[in-house]
Amino acid sequence: MRYSAPRGTADVLPQDSPRWQYIENKFREICRLYGYDELRTPTFEDTELFTRSIGQHTDIVSKEMYTFTDRGERSLTLRPEGTAPVVRAYLQHKLFAEMPVSKVYYITGIFRYERPQAGRFREHHQVGIEAIGSQDPAIDAEVITLGMKYLGSLGIEGLTLKINSVGCPVCRPAYRDALKSAVEPYVGELCESCKIRYEANPLRMLDCKVAHCRELTVNVPNIVDHLCDECAGHLKSVLHYLDMLNVPYTLDSRLVRGFDYYTKTAFEVVSGALGAQNAVLGGGRYDGLVLEMGGQPTPAVGFGSGIERTLAIMEAQGIEIPVTTHPSVFVVTLGDRAKEAGIKLLGDLRNAGVAAEIDYSGKSMKAQMRSADRERAQFAVIIGDDELDKGIVKARNMQTKEETEVDLADAVERIKGML
RNA sequence: GCGGGUGUAGCUCAGGCGGUUAGAGCGCCAGGUUGUGGCCCUGGAGGCCGUGGGUUCGAGUCCCAUCAUUCGCCCCA
């Protein structure tokens, strides 16, 4: 064991990849249903794309990006989040000219230089969607609903959808000031992190997990009461649509998200089945981002959801996935002549669309049968000298133990008929 | 970037105060009729005891470092 995968990364082994495929397939299915098409962007982008969009003073930009210089002296960065590349592609290819609203999804790796712990890695994978071009609160509801339906389709239970509005450039500054004034008398009692937040990003004090900080801020002004008319109306409509679509939620006025570009709707889906990192899906509206990145003012909303965390919940809840990787037929041969015939039959079966396997390690018949059993083949097709002389093969049903002799000449059709 | 736990077989883990050839279960391989799987029985392979230093007559066991992993903080999915 000389080499191992880099810290915070993991292999998805053959025994686990069906789970990943299951999740990805469910997600694609839901996206198709809701009219979202896949958009694939490069694994790395110009560094500036992320520093401008995510915000210079966020944790991601200040200490978590995988940034490198290529041989042409360009500064590039491995994608640390999914939204900025989508917006870049949207602008670069002028997708706004094709349809009033661009609805896209992605399934991709995300890279952040973090200290690994439960549910947190240096490379993780997200499924996500972005709807760019509409300010209609109904599309916020659509995005959220799609996310909940997706997680629900996996059989996950016990999820809580938390939703809030973080305001907009019109009302947020005033709220920020009101918040700071209210907290001012107690600044000295706040935890060290919150003292920094008080100056740098006051809203983040609201979701501090330190009990004393929560007590100090319990009677602080509520952001929902300080929204401008537009933001308040937007939030109200989003909640209305969610009610209408039967999507349960919890209004959480302390929910704040880390990226600078969020406006109005912010939401997060948390699960009690996870550890400290309990958010499995998170997103919101980012009406200022397209403009910030050089486009026309364009409203947008989206979410990202971690595949590893989703898998962790499914495992914690004992959710099984349908297994489809079993071969239909395991070809068992005895002797050199039979091996010839077996390889030929194996090829014919596969050409006819029948999943078929054979042993390549020269095992005894008993061991070949064991392999057939272990791989859960429906039939073991046995070929030996006796059968060859009679021009037949034996098809053994592994469950009923019933053995049927079939002519070698039309074996493929006969076996197909038995499956 | 900061704090705590843990590194022994493919996997899950035992290995009282340092003491000879490091164990178990599961898994794997092979036998139990020279042509038949699951259950059972028997046998076998497989370990630089994470790595590097140190203490000691002697280290899987004690000390230091390092790497990995794990649980937290920060932040996020």
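Every chain is numbered from 1, with letters handed out A, B, ... down the list of sequences.
Using a 4.0 Å cut-off, some side-chain N or O of A:Arg370 falls inside it from OP1 or OP2 of B:rA30. Regarding contacts with the backbone of B:rA30, every side-chain N or O of A:Lys366 stays at 4.0 angstrom or more from both OP1 and OP2. For A:Arg79 and B:rA77, the shortest distance from a side-chain N or O to OP1 or OP2 is not below 4.0 Å. Applying the 4.0 Å criterion to OP1 and OP2 of B:rG37, one finds that A:Arg396 has every side-chain N and O outside that range. At the phosphate of B:rG3, neither OP1 nor OP2 sits under 4.0 Å from any side-chain N or O atom of A:Arg115.
A:Glu114 comes within 4.0 angstrom of a base, heavy atoms only. As judged by a 4.0 angstrom heavy-atom cut-off over every strand, A:Phe121 is placed among the base-contacting residues. Within 4.0 Å of A:Ile382, counting heavy atoms only, lies at least one base atom of the nucleic acid. At a threshold of 4.0 angstrom between heavy atoms, the contacts of A:Lys401 include nucleobase atoms, whether or not backbone atoms are also involved. Counting non-hydrogen atoms under 4.0 angstrom, A:Glu308 reaches nothing in the nucleic acid. Contact annotation for A:Gly8: backbone-only contact, meaning every heavy-atom pair under 4.0 Å involves sugar-phosphate atoms and none involves a base.
Between A:Arg285 and A:Asp140, at least one side-chain N (NZ, or NE/NH1/NH2) sits under 4.0 Å from a carboxylate O, which counts as a salt bridge.
Between B:rU21 and B:rG31, the two C1' atoms lie 27 Å apart (nearest whole Å). Rounded to a whole angstrom, the distance from the C1' atom of B:rA22 to that of B:rU66 is 25 Å.
Residue order along RNA chain B, read from the 5' end via each residue's closest nucleotide, puts A:Pro116 first among A:Pro116 and A:Ala279.
A:Leu334 places its CG atom 17 Å from the P atom of B:rU33, with the value rounded to the nearest Å. The nearest whole Å value for the distance from the CE atom in A:Met369 to the P atom in B:rG31 is 15 Å. One interatomic measurement links the two molecules: CD1 of A:Ile60 to C1' of B:rG1, which rounds to 16 Å at whole-angstrom precision. The distance from atom CZ of A:Arg122 to atom P of B:rU70 is 12 Å, rounded to the nearest whole Å.
For B:rU36, its base sits under 3.5 Å from the side chain of A:Glu403 at one donor and acceptor pair at least. Judged by distance alone with a 3.5 Å cut-off, a donor-acceptor contact links the side chain of A:Glu387 to the base of B:rG35.
With pairs defined as Watson-Crick or G-U wobble and both atom distances under 3.5 Å, the stems of at least three pairs that touch RNA chain B come out as B:1-7 with B:67-73, B:10-13 with B:23-26, B:28-32 with B:40-44, B:50-54 with B:62-66.
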Exercise. ring-ring contact (aromatic ring centres under 6.0 Å, His included) between A:Phe379 and A:Phe330: does it pass, once the steps are laid out?
Worked result: CA-CA 6 Å; A:Phe379 283 88; A:Phe330 197 101; over 10 Å; no

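Among pairs with a residue in residues 157-178 of chain A, those fulfilling ring pair (Phe, Tyr, Trp, His ring centres under 6.0 Å) read A:Tyr175-A:His226, at least two apart in sequence or across chains.
Distances from the side chain of A:Glu64 to the nucleotides B:rC75, B:rU36, B:rC29 place B:rC75 closest. With distances taken from any side-chain atom of A:Arg204 to the nucleotides B:rU36, B:rC29, B:rC75, the minimum falls on B:rC75. Here the side chain of A:Lys394 is nearest to one of B:rA30, B:rC75, B:rU36, namely B:rU36. Side-chain proximity of A:Arg7 to B:rG31, B:rU70, B:rU36: nearest is B:rU70. When distances run from any side-chain atom of A:Gln117 to the nucleotides B:rA77, B:rC73, B:rG38, the shortest one goes to B:rC73. With distances taken from any side-chain atom of A:Tyr113 to the nucleotides B:rG31, B:rA77, B:rG1, the minimum falls on B:rG1. Nearest to the side chain of A:Arg309, among B:rA30, B:rG35, B:rA77, sits B:rA77.
A cation-pi arrangement is present between A:Arg122 and A:Tyr113 under the rule of less than 6.0 angstrom and at most 45 degrees off the ring axis. Cation-pi geometry between A:Lys180 and A:Tyr198 is met: the NZ or CZ atom falls under 6.0 Å from the ring centre, inside 45° of the normal.
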Sequence neighbours left out, cut at 3.5 Å: what donor-acceptor pairs do the side chains of residues 351-361 of chain A make with other protein atoms?
from: A:Asn351; atom 1: ND2; to: A:Gly347; atom 2: O; distance (Å): 3.3
from: A:Asp359; atom 1: OD1; to: A:Ser361; atom 2: N; distance (Å): 3.3
from: A:Asp359; atom 1: OD1; to: A:Ser361; atom 2: OG; distance (Å): 2.7
from: A:Asp359; atom 1: OD2; to: A:Ser361; atom 2: N; distance (Å): 3.3
from: A:Asp359; atom 1: OD2; to: A:Gly362; atom 2: N; distance (Å): 3.2
from: A:Asp359; atom 1: OD2; to: A:Lys363; atom 2: N; distance (Å): 3.0

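Counting heavy-atom neighbours within 6.0 Å of A:Tyr22 OH, excluding the residue itself, gives a total above 12.
Atoms CD1 and OG, on A:Ile313 and A:Ser271 in that order, are 3.5 Å from each other to the nearest 0.5 Å.
Checked by atom type and distance alone, the side chain of A:Ser364 pairs as donor or acceptor with a backbone atom of A:Ala367 at under 3.5 Å.
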